[in-house]
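Worksheet: one structure, shown below.
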Number of protein chains: 2
Amino acid sequence: MAQFINRKETLVTEAIDGLLRTAGGRLARLDGYPHIKVVVRTDWDRSRVALVSGGGSGHEPAHAGFVGQGMLTAAVCGDVFASPSVDAVLAGILAVTGKAGCLLIVKNYTGDRLNFGLAAERARAFGLRVSMVVVDDDVALPDLPQPRGVAGTLFVHKIAGALAEDGADLDTVTDAAQRVIKGVVSIGMSLDTCTVPGSPKEDRIARGKAELGLGIHGEAGAEQVDFDGAAQAMEMVVDRLAPNIGSGPHVALLNNLGGATPLEMGVLAEELVRSRIGGQVRWLVGPAPLMTSLDMQGFSVSLLPVGGADEAALQAPVAPWAWPGCHAVGDVATVPLPDGLAPIQPIASEDAATEAFLRDVCTALIACETDLNALDAKSGDGDTGSTLAGAARALLDAMDRLPLADLTQLYRAIGLELSQTMGGSSGVLLAIFFAAAGDASGGGRDATGALKAGLDRIQQVGGARPGDRTMIDALLPALEALPQGLGPAAQAAREGADRTAQMTRAKAGRASYVSEDKLAGHNDPGAEAVARLFEHIAGRG
Amino acid sequence: MAQFINRKETLVTEAIDGLLRTAGGRLARLDGYPHIKVVVRTDWDRSRVALVSGGGSGHEPAHAGFVGQGMLTAAVCGDVFASPSVDAVLAGILAVTGKAGCLLIVKNYTGDRLNFGLAAERARAFGLRVSMVVVDDDVALPDLPQPRGVAGTLFVHKIAGALAEDGADLDTVTDAAQRVIKGVVSIGMSLDTCTVPGSPKEDRIARGKAELGLGIHGEAGAEQVDFDGAAQAMEMVVDRLAPNIGSGPHVALLNNLGGATPLEMGVLAEELVRSRIGGQVRWLVGPAPLMTSLDMQGFSVSLLPVGGADEAALQAPVAPWAWPGCHAVGDVATVPLPDGLAPIQPIASEDAATEAFLRDVCTALIACETDLNALDAKSGDGDTGSTLAGAARALLDAMDRLPLADLTQLYRAIGLELSQTMGGSSGVLLAIFFAAAGDASGGGRDATGALKAGLDRIQQVGGARPGDRTMIDALLPALEALPQGLGPAAQAAREGADRTAQMTRAKAGRASYVSEDKLAGHNDPGAEAVARLFEHIAGRG
C-alpha cells in the first residue's frame, strides 16, 4: 500500500524534523543524522534526573512525542522497528545527563536491552550515574519469562517523569519506575496487520478473525480468535488481564495501535468501563494513540494499580501534547432535554378574508400539480408539483388550527406546518421562509417586508443566489415589485420564471447536477410555481 | 473490513458515552438518545455567546472533541456522515443559549445548512438571538459556487471560541467567524477510501494513484492523480492552494484525515514547510487528526491569513485535549553531538604475568572452537565456538594496546575490544560484562567481586537468570566458588555446565525457540565454554 513518505531511508529523519519544526521551540535534535536520531528538551539544565527512552520508530507519538517538561528528557529513535545503535543511545545520555544522573527506560526487546545496556556502561565509564529499567508489561504469553514491553511503558514515563520533574533523586525515580513495571500489565488486539514501509503488507488475519496478544512490531499475536464486535473483543482482552491484577483500583491506558478510528476507540472505552473489571478502572488515560504499531487497526489496554502518590503523578500537567491526560472515570453525565423542543402551538383564530385567500392560493397550487411535475421531469425527478400540492393540502387540512387573525403567528404557524408535512430540502426551506417572515413581522416589518426577510434567510441558509435557477429567480423580483401592486408583482414573477429557462448552469439544488442541454428551454419548476401563484392572486391566472 | 463496533445503530451513542466517561466531568450530553446526540460543556453559565457546531459523525475529534472552554459550547452529532435533525440542533441551541445569544457554525453541506437553519428559526421564535455562519473552505472545485466546508472549520471554532470565551458580543463573534470563513482555504488528498460502518469498502483508488480534492464523507475527490511520494503529493496540494492565498503570513492546519500514520504526517509537515509557500506558513496547527473522514489514509491542508489578534486567539489555551495547539513554525533546532562518543582509548601498559595469562586463556578458547560449534549445532546455528574464538583472536591481536598493568582499565579495554569485534547479542553482553567489571574494579572491588558485578549487570541487561540454560549457569557457581580457589571454581563451573544438559526449557536467548527434545542431553555451549576455561586455568584442562 502506498504511503505519504519519500524514501524508507529518510522516513524517520524527515518525520522527526517535521515534529521539531512545530514544537514551538521546545524540542531540538542532536546533530547526528542519519545515524544518531535523538530528540531532546531545549528547556533542560541537567539539574534533575534525566529520563531517556526510545527504541525503534513506528510507535509514534512514542517516543519523541513524549519529550518535554514532566515526561522524557530525550528520546533515542531507531529506524522503523529497529533498535537505535549504542552510539545513538550514548549520545542521548551524554547530551542530557548531569550530576543527578539518568534513568534509561527500555522496552523488553533484546536489541533495545543490549544497546541501551552497553550505552549505559559506556556512560558510566565517564563517571555518570545511569540506571536502567526494563518494561515487560505484555501478558499475552503467560509462560514467557521475558514478556515484551508495550504501551504500559507510558505509565513509567509519566510517573517517573513527574518525580524527576519534582527533583527526586535517581534512586527514588528508579525505584518508582521499578514499582510501576512490577504492577503494570497490558495486552493488545488487532483486526489487521500493519503496513511496514517498503515491505508488502502481510495478509495474515482472515475476515471474522482478530489477533489477541500482539507486540508492537507487526509480529503475529499470541492467538487468532473469532471476532464478533467491540463488546466481545473487550471481553476477551479483559479475560486476559483480569487474572493478572489485584482487587484494588487501577488506572487504565487505552491505546490506539494506530489505525482504529476515534469512533471505535470511543466504543472500546465504553466497553472497558462496562466490563467486569470496569468497577476497578478508576482513572483512564486515553483513548488515544500513545504507543502505536504504524497503521495497525487495533488497540491495547494497560492496567496499573494506583494509590495516592501515583494518582497525583499521573495527573501532573506535562508539556507534550501527545499525552492526553489522566481522567477520573465516571458515569455518563446527562442534562435534561430543554423545554421548547415541542414547537409552540399557535392559538387558532378566525379571519374570513385571510382564510379565503389561503384556501384560494392552496387550491391554485393543487391545480398546478400535473404541470409542475411535468416541468420538473425535464430536469429532476418530476415531483415538484406533488410536493407543493401536498403542502397545500396539508395547509387546507390545518386551516382550523391556524391563527388566521394574527399575521405574525400565521407565518410562523405555516412554517411549522410545512416543516412537519413537507419532505426534503424544499420543505425545510419553505418552513424557514415562513418562520423568518413571522419573526420579521413580529419585529414590525409589513407583510412584504416580512416576506423579503424570509427570502433573505432562505438565501443565507440554502445558499442559492438570484441567477441560480431556483424559485428565488421569480420570488425576488415579485417581492420587489409588490409595493407597486399585485399586477406588476405577477409580471415580474413571470419574467423571472421565464428567465430561468435560459439559466443552463444551475448552481444550487439538484439541478446543479443536470447537464446543461437538459435544462435549456425549460423554466425551473419552483420559479414557475411562484409565477403561477402571483398570476393567480393578481387575477391573471 | 471488520471494525471495533457493536452495531452501526449504536456506534455514535456508544462512542459519545465513551468520550463522556473520560472527560473528567467537563462534558455531559443531553438526555435525548438515540435521536438527540448533543454534547455540552458542564462548566457553562450562559453568560457569554454560545458556540454550537456539529454535523454528521465520522469526523472525530470534530465536533464533540472540541467542546470545552475556549472552543465549542455544544456539539450536535448526527449518525455517521448524516446531518443531525432539526430537533437535535434546536435542543443544542436551547441547552446552552442565554441572553448573549448563540453562533451556529455549520459546514457547507445541504443537510447541515437546512437543519441548522430551521433550528435557528425555531430558536428565534423563542426570542433567542441566533446567528449562523457557513464554512466553505474547500478549493477542490474552483468553479463550484457552493464549496464544501472541511477542516478549515477548526479555525472558526478556535478564533470565535477565544472571542466568545473573552466575552465578546454576538455580532463581534459572528463577524470574526465570517472574516475567518472569507479567508480560509483548504484541500485534501488521500491514497485510499474510507470504511463506512456497515458498508463494503469502495475500491476506487488504484495503486500508484491518489485522489486530490476530497470532501470528508467518502465522496470521490475532484481528480485522480499520479502519486509519487510525499514531496510530490504536498507539491500538488500547494499548487491548488497557492492561487487562492495572498502574499502575507498564514497559519496552516495540517489535518490527518484518519488513517495516515504520525510518521507520514511528520514527513508531510516537513514537506509543507519546505514547499514554495513554506515561507508564508508562520504558524502550524497539527499535524493531528482534527476533522477526519473515518479511517481515510489522507490529509488536508488549510490556510488562513493571520495578523495579531487572530494569532493571539489561535494560541489561547483551551480545555479540549484534541486541539493540538498553534505553534510558530521554525527551523529544526539542532544541538551539537556531545563529546565522548569516541570511546576513551586505554593507555597501553605492560605486565608480563597478565599478558601470559590472557594469551593462555585466548589460546585455550581458540582450541575449543570445533567442539563448541558442534555442541551449538545441536540447538542453534553452530557458531558459538567460532564467535568466541574470533573474540579471542581479536584480543590476541590487541595485546599491544591493552593496559595490562591496570586491572580496572584492562577490564574496560577488553569490553571495548569485544564490543567492536564480536557480532550479535553475545558480543554486546560480554562487552557489558567486562565494562561493568571494570567499573566495579574502579570502585574498589577485588578481581572476583568485579567479575561478579559484571555478571549481575549482564543478568539485568540480558534478562537471563540461573537455570535459563545460558553461560550464567556455569559462570555464577564458578565465581561463587572462586574464593576457595581455582580448583573448586573449575569444579563448580563443570557441574553447572553439565546441569544445563537437563535444562530442556530454555528461557532466554535463541535456545528458547528450540524444542525440548533437541536440547535434552546436550550442554549449553556458552556454559561449556566457561567450564572449559576454568578447567584450563585450574590446570585440569
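A, B, ... follow the sequence lines: proteins, then strands. Residue 1 opens every chain. Predicted, not measured: the structure shown is a model, and the values here were computed from it.
Chosen from A:Ala231, A:Gly259, A:Pro287, A:Cys194, the residue pairing most often with chain B at heavy-atom distances under 4.5 Å is A:Ala231. Of all the listed residues (A:Val86, A:Leu20, A:Leu284, A:Leu263), the one sharing the greatest number of non-hydrogen pairs under 4.5 Å with chain B is A:Leu263. With chain A as the partner, the residue from B:Gly442, B:Gly340, B:Ala431 showing the most heavy-atom pairs under 4.5 Å is B:Gly340. Top candidate by heavy-atom pairs under 4.5 Å with chain B, chosen from A:Ala91, A:Gly58, A:Ala210, is A:Ala91. Counting heavy-atom pairs under 4.5 Å between each of A:Arg113, A:Gln460, A:Arg412 and chain B puts A:Arg113 at the top. Comparing B:Ala436, B:Gly25, B:Pro61 by how many heavy-atom pairs each has under 4.5 Å with chain A, the most go to B:Ala436. Counting heavy-atom pairs closer than 4.5 Å to chain A, the top residue among B:Asp31, B:Thr10, B:Val461 is B:Val461. Each of B:Trp283, B:Phe227, B:Tyr33 has some count of heavy-atom pairs under 4.5 Å with chain A, and the biggest count is that of B:Phe227. The choice from A:Ile458, A:Val267, A:Asp331 that makes the most heavy-atom pairs within less than 4.5 Å of chain B is A:Val267.
Using a distance-only test at 3.5 Å, with no hydrogens or angles considered, no donor-acceptor pair links the side chain of B:Glu264 to the main chain of A:Ile5. Between the side chain of B:Arg21 and the main chain of A:Val329, no donor-acceptor pair closer than 3.5 Å is present. Counting only distance, with no hydrogens or angles, the side chain of B:Glu14 and the backbone of A:Ala269 share no donor-acceptor pair below 3.5 Å. Side-chain atoms of A:Arg29 never come within 3.5 Å of backbone atoms of B:Thr334 as a donor-acceptor pair (strictly under, hydrogens ignored). Within the 3.5 Å criterion, the main-chain N or O of A:Ala230 finds no donor-acceptor partner in the side chain of B:Gln3. Remark: side-chain polar atoms of A:Gln297 are not paired, donor with acceptor, to backbone N or O of B:Asp295 under 3.5 angstrom.
Within the 4.5 angstrom heavy-atom criterion, atoms from both the backbone and the side chain of A:Met189 approach chain B. With a threshold of 4.5 angstrom between heavy atoms, A:Arg122 approaches chain B through side-chain atoms but not through N, CA, C or O. Looking at A:Pro324, the atoms closer than 4.5 Å to chain B (heavy atoms on both sides) sit in the backbone and in the side chain alike. Using a 4.5 Å cut-off between heavy atoms, A:Arg274 contacts chain B through its side chain alone, with no backbone atom that close. Looking at B:Asp439, the atoms closer than 4.5 Å to chain A (heavy atoms on both sides) all sit in the side chain, from C-beta outward. Only the backbone of A:Ala328 comes within less than 4.5 Å of a heavy atom in chain B; its side chain stays farther off. For A:Thr261, the part lying under 4.5 angstrom from a heavy atom of chain B is the side chain only. For a residue to count as touching a neighbouring chain, one of its non-hydrogen atoms must lie under 4.5 Å from one of that chain's; by this rule A:Leu254 does not touch chain B. Neither the backbone nor the side chain of A:Ser293 comes within contact range of chain B, judged by heavy atoms closer than 4.5 Å. Heavy atoms closer than 4.5 Å to chain A are found nowhere in B:Val285, neither backbone nor side chain. Of the two parts of A:Val40, only the side chain, counted from C-beta on, holds a non-hydrogen atom closer than 4.5 Å to a non-hydrogen atom of chain B. In this structure, no portion of A:Ala120 lies under 4.5 Å from any heavy atom of chain B. Interface residue A:Ile432: backbone and side-chain heavy atoms are both found under 4.5 Å from chain B. When heavy atoms are compared at a cutoff of 4.5 Å, A:Arg26 does not approach chain B at all. Looking at A:Asp17, the atoms closer than 4.5 Å to chain B (heavy atoms on both sides) sit in the backbone and in the side chain alike. If you measure heavy-atom distances from B:Ala119 to chain A, you find no contacts under 4.5 Å at all. For A:Val38, no part sits under 4.5 Å from any heavy atom of chain B, backbone or side chain. With a threshold of 4.5 angstrom between heavy atoms, B:Thr97 does not approach chain A through any atom at all. Residue contact with chain A, scored on non-hydrogen atoms closer than 4.5 Å, involves the backbone and the side chain of B:Leu118 alike.
A ring-centre distance under 6.0 Å is not found for A:Trp321 and B:Trp323.
Here the closest non-hydrogen pair linking A:Ala435 and B:Glu121 is CB-CB, 3.7 Å. Minimum heavy-atom separation, B:Pro338 to A:Leu30: CD-CD1, 4.1 Å. Heavy-atom minimum distance, B:Ala333 versus A:Leu27: CB-O, 3.9 Å. When every heavy atom of A:Ala28 is checked against every heavy atom of B:Val335, the shortest pair comes out as CB-CG2, 3.8 Å. For A:His327 against B:Gly24, the heavy-atom pair with the smallest separation is CB-N, 4.0 Å. Pairing each heavy atom of B:Gly18 with each of A:Glu270, the nearest pair is N-OE1, 3.6 Å.
The closest side-chain donor-acceptor pair between B:Asn6 and A:Glu271 falls under 3.5 angstrom.
Residue A:Leu94 forms a side chain to side chain contact (heavy atoms under 4.5 Å, CB included) with just one option from B:Asp339, B:Leu337, B:Leu341, and that option is B:Leu341.
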For this session: Walk me through it: do A:Arg124 and B:Arg457 pass the test side chain to side chain contact (heavy atoms under 4.5 Å, CB included)?
Result: CA-CA 12 Å; A:Arg124 289 182 188 116; B:Arg457 189 57 54 73; 2.5 Å; yes
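One distance of note links OG of A:Ser419 with CG of B:Asp87; it measures 9.0 Å at 0.5 Å rounding.
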